[in-house]
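Data block below; observations after.
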Amino acid sequence: TPSGQWVNATAGFSISKYTGTGSAATVGHGLGAKPDLIMVKELGDVGNWLVYHKDVGAEYYMALNDDIAKTDNNAIWNDTEPTNTVFTVGTAGDVNGDGGTFITYAWTAIPGYSAFGKYAGGGAKPFLYLGFRPKFIMIKATTSGRNWIIVDSERDPNNGDMDPLYANTSVAEQNHNALDILSNGFKIVNDGYSDYNVDADLIYAAFAEHPVKTARAK
């Protein structure tokens, strides 16, 4: 049970704080729907930002602060998919160290507002239909050690100049463009930057510039 929690079910987002036990346990997320994306970080110790994404699955973990590919480890999510009410943590110190305090951010997709998915790279430059114009996009190759790309239209409102930030490094924003933001999704336009279209599965998270729905579809 979380020791503290904030939930906005309309936006499909919650923040929960819990205390680790060192033994496999469940943590309530409050969303009322299965989370598509979860991030967990221990507050009082050095450790990884552990990431669950629906298209990677609970058998594996990824780390927001690292460019590693998805990694099989049942001590992270206990090989257990989240439910409408809880997600599961295993015995690993980065998600459940005994007595540690952890913060978790969880999202579930809201049509017209947020989307979480995957695409296959390495071929023709893909178009990803979202059903909305995205304001923020994050992309990561799952089967290859690549950067966590962040693109947003606040820093770069015009296509042709979508400079990425990398969540896993401290480098300044990069001066290249490989992605266009469109009215109904986004398109990879330059596969010369292999983080975007490497021959691998890539996951994404995207949030709308102007949400077109205000509640989760039932």
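Keep in mind that the numbers below use all heavy atoms, side chains included, and drop hydrogens, waters and symmetry copies. Since this is a predicted model, take the numbers as computed values, not measurements.
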Pairwise distance [atom1]([X]) to [atom2]([Y]) - rounded to 0.5 angstrom:
X      : Y      : atom1 : atom2 : value
Ser153 : Lys135 : OG    : NZ    : 3.5 Å
Ser183 : His210 : OG    : NE2   : 12.0 Å
Leu50  : Ile76  : CG    : CD1   : 4.5 Å
Lys54  : Thr108 : NZ    : OG1   : 9.5 Å

Ring centers of Phe207, Phe116 separated by less than 6.0 Å: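 Under 6.0 Å, so yes.
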Is any side-chain heavy atom of [X] less than 4.5 Å from a side-chain heavy atom of [Y]?
X      : Y      : result
Leu64  : Met39  : yes
Asp152 : Ile137 : no
Ile103 : Ile15  : yes
His29  : Ser14  : yes
Thr83  : Lys34  : no
Thr88  : Pro82  : no
Met62  : His53  : no
Gln174 : Tyr166 : yes

Geometric class of the Trp77/Tyr52 ring pair [parallel <30°, tilted 30-60°, perpendicular >60°]: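 Ring orientation of Tyr52 relative to Trp77: perpendicular.
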Applying side chain to side chain donor-acceptor pair (under 3.5 Å) between Asn147 and each of Asn168, Asp67, Asp66, report the one that passes. Asn168
Taking the side chain from [X] and the backbone from [Y], do they hold a donor-acceptor pair closer than 3.5 Å?
X      : Y      : value
Trp148 : Ala63  : yes
Thr169 : Val171 : yes
Glu81  : Glu59  : no
Asp36  : Trp107 : no
Thr101 : Thr19  : no
Ser16  : Thr104 : no
Arg133 : Ala208 : no
Asp201 : Thr142 : no
Lys187 : Leu179 : no

If we check ring pair (Phe, Tyr, Trp, His ring centres under 6.0 Å) with Phe186, which of these qualifies: Tyr204, Phe127, Phe136? Tyr204
Looking only at heavy atoms, which two atoms of [X] and [Y] are closest? And how far apart?
X      : Y      : result
Thr80  : Ala58  : O-CB, 3.3 Å
Ala9   : Ile110 : O-CD1, 4.0 Å
Leu182 : Pro134 : O-CD, 3.6 Å
Trp6   : Asn8   : CH2-CB, 3.5 Å
Leu37  : Ala205 : CD2-CB, 4.1 Å
Lys140 : Ser144 : NZ-O, 3.3 Å

Do Ser23 and Thr21 meet the criterion of a side-chain donor-acceptor pair at a distance under 3.5 Å? no
For a quick check under 3.5 Å, do Asn48 and Asp94 share a side-chain donor-acceptor pair by atom type? yes
Run the side chain to side chain contact (heavy atoms under 4.5 Å, CB included) check on Ile68 and Tyr61 step by step: do they pass? CA-CA 10 Å; Ile68 59 172; Tyr61 77 90; 4.0 Å; yes
Is it true that Leu31 and Val86 fall in one hydrophobic cluster, defined by side-chain heavy atoms closer than 4.5 Å?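 Leu31 does not cluster with Val86.
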